**Student:** 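Sharing a structure below in structure tokens format, with a few things to ask.
To find a chain, count down the sequence lines: A is the first, B the second, and so on, and within it residues start at 1. Any value given below was found using the heavy atoms of this structure, including those in side chains, with hydrogens, waters and symmetry copies removed. Here the structure is a predicted model, which is why all the values come from computation and not from measurement.
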Protein chains: 2
Amino acid sequence: MSIANPSTSDDLGSAAQRERRKRILDATYELAKSGGFDAVQMRAVAEQADVALGTLYRYFPSKIHLLVSALGRQFDEAAVRLREREIPGDTQADRVLYVLKRMARGMQGDPKLTEALTRAFMFADSSVANEIHVVGMAMTSIVTHAMHGGVPGEEAVDDEDVAIARVIGDVWLSALVSWVTGRSSAAETAAHMETAIRLILRD
Amino acid sequence: MSIANPSTSDDLGSAAQRERRKRILDATYELAKSGGFDAVQMRAVAEQADVALGTLYRYFPSKIHLLVSALGRQFDEAAVRLREREIPGDTQADRVLYVLKRMARGMQGDPKLTEALTRAFMFADSSVANEIHVVGMAMTSIVTHAMHGGVPGEEAVDDEDVAIARVIGDVWLSALVSWVTGRSSAAETAAHMETAIRLILRD
DNA sequence: AAACGTAGTGGAACGTGTTCCAAATTATGC
DNA sequence: GCATAATTTGGAACACGTTCCACTACGTTT
């Protein structure tokens, strides 16, 4: 008997399972993109992914797991895209701001999607630790990569860099939450991020 | 006809209404304290506050409004208690850390309560803007007050102080979320806060 | 090819947040 | 004190996340 759960195990299962998993995440993405958190209804995801409700729950044990997994996929892709690119800017603050503004632009282009994923992330509890960890790693990687300008050879990332990256990630998340929940505008959010980063990264 | 909603209007209504409102918030507090977010069930709150379900919804249009209002009351009280007190510590960082650690101790003493209120805060959307604002103000006030050592006379709080306080508030919130959702321990959270604040407030 | 175990299906059912409504109660203006 | 408006009540009903179950389909072992 296999206790393995197709969504969390490192063993990704058969091709059919990988295919189902992808269909489910794609459906989640589409629904989130067009209708936000509320539109990602488990029955709707199951139907759009052409999968029974029970199967959906076998792959992702809750709506939050599902959305955070989708977020993880997004961030992973973004981190990979960014990694193969040099980051312009003379100071750490400039480079980090460049990257974060670029990501912010992407997110503002899909506000519903961003809302859905952010809400899920903020609501997740420890049972979602694995999925959360993926997101946290990608975020830290994005920030440290920006700090060091993207030169691939000497990624001299020490502990302090990671600590700084985590603080920046915190501010980023809080700012994202304010924006997503309509508490502050895109411009205010950008300004706030800039303030914070220049405060944290005065070289 | 009065469009006024007893919970959001500045007009607090009759004594009976104020009394009901208090009973509701008290019931919320009790349930949150003993069982966390999930235990704050609208039917249970209504019953414990000795109020009909419909009335509960008239006072607080959603569970999130209810919990964020309860959080606001908590923070307000904390801010007031803190305001009438001098904050020990030689540097801004020391004083802010002193205050935040003190608040953290309080929160760790009531983990369920903290979980409930924090989850609600993080999940709130723009319809909860008013209640959120109360919390944000209290938080900023607590931090700026700590920065200036609590000398009541010359509260020379300028815009930059507020910006800094907001960044600290962001980190605080993120740290709180990690702790509340079981992603990091109290010790890790404290260490992370210390790192962040020393980074932001190197005098 | 038969038997077996695992995964997927369809759908009923439950819990809790939320909405709605008619009747009862309370407050207000005259 | 009465008429009228506003509020509260009790409870039914609905929506959606989640659980559960009997059944079917599939793949593996022998």
**Student:** Separation of B:D125 atom CG from C:dT18 atom C1', in whole Å?
**Tutor:**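 Roughly 14 Å, once rounded to whole Å.
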**Student:** Is any side-chain N of the basic residue among B:D26 and B:K22 closer than 4.0 Å to the acidic one's carboxylate O?
**Tutor:**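 Salt bridge: yes.
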**Student:** Between B:V40 and B:R20, who's closer to the 5' end of DNA chain C by nearest nucleotide?
**Tutor:** B:V40
**Student:** Among A:D110, A:I24, A:V40, whose side-chain contact (heavy atoms from CB on, under 4.5 Å) with A:Y29 holds?
**Tutor:** A:D110
**Student:** Identify, residue by residue, the members of residues 41-55 of chain A with a heavy atom below 4.0 Å from DNA chain D, and return them in order of residue number, or none.
**Tutor:**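 Going residue by residue through residues 41-55 of chain A, the ones with a heavy atom under 4.0 Å of DNA chain D turn out to be A:Q41, A:M42, A:R43, A:L53.
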**Student:** Mind calculating the distance between CZ (B:F60) and C1' (D:dT8) to the nearest angstrom?
**Tutor:** 16 Å
**Student:** Rounded to whole Å, please give me the gap between CD1 in A:I64 and P in D:dC16.
**Tutor:** 16 Å
**Student:** Can you measure from CZ (B:R73) to CG (B:L25) and round to the nearest 0.5 angstrom?
**Tutor:** 4.5 Å
**Student:** Take atom CG of B:L67 and atom C1' of C:dG17, then tell me their distance rounded to the nearest Å.
**Tutor:**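 The distance from CG of B:L67 to C1' of C:dG17 comes to 12 Å, rounded to the nearest Å.
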**Student:** Taking atom P of D:dC16 as reference, at what distance in whole Å does atom CG of A:L31 sit?
**Tutor:**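 Taking atom P of D:dC16 as the reference, CG of A:L31 is at 13 Å.
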**Student:** Are side-chain heavy atoms of B:M139 and B:R166 found at a separation under 4.5 Å?
**Tutor:** no
**Student:** Taking atom C1' of C:dG11 as reference, at what distance in whole Å does atom CG of A:L56 sit?
**Tutor:**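 So the CG-C1' distance, A:L56 to C:dG11, works out to 15 Å.
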**Student:** In whole angstrom, what separates A:Y57's OH from C:dG10's P?
**Tutor:** 17 Å
**Student:** OP1 or OP2 of C:dG8 versus the side-chain N and O atoms of A:Y59: is any pair under 4.0 Å?
**Tutor:** yes
**Student:** Looking at B:F121, I'd like to know if the NZ or CZ of A:R183 sits under 6.0 Å from its six-membered ring centre while staying within 45 degrees of the ring's axis.
**Tutor:** yes
**Student:** Tell me, please, whether B:Y57 has B:K63 positioned over its six-membered ring: NZ or CZ under 6.0 Å from the ring centre and within 45 degrees of its axis?
**Tutor:** no
**Student:** Among D:dT18, D:dT8, C:dT19, find the nucleotide with the atom closest to the side chain of B:R58.
**Tutor:**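 Nucleotide nearest to B:R58's side chain: D:dT8.
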**Student:** To the nearest angstrom, how far is A:Q17 atom CD from D:dA25 atom P?
**Tutor:**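 Distance, rounded to whole Å: 19 Å.
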**Student:** Taking the basic N atoms (NZ, or NE/NH1/NH2) and the acidic carboxylate oxygens, is any pair closer than 4.0 Å for B:D94 and B:R198?
**Tutor:**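 Looking at B:R198 together with B:D94, the answer is yes, because their closest N to O distance falls below 4.0 Å.
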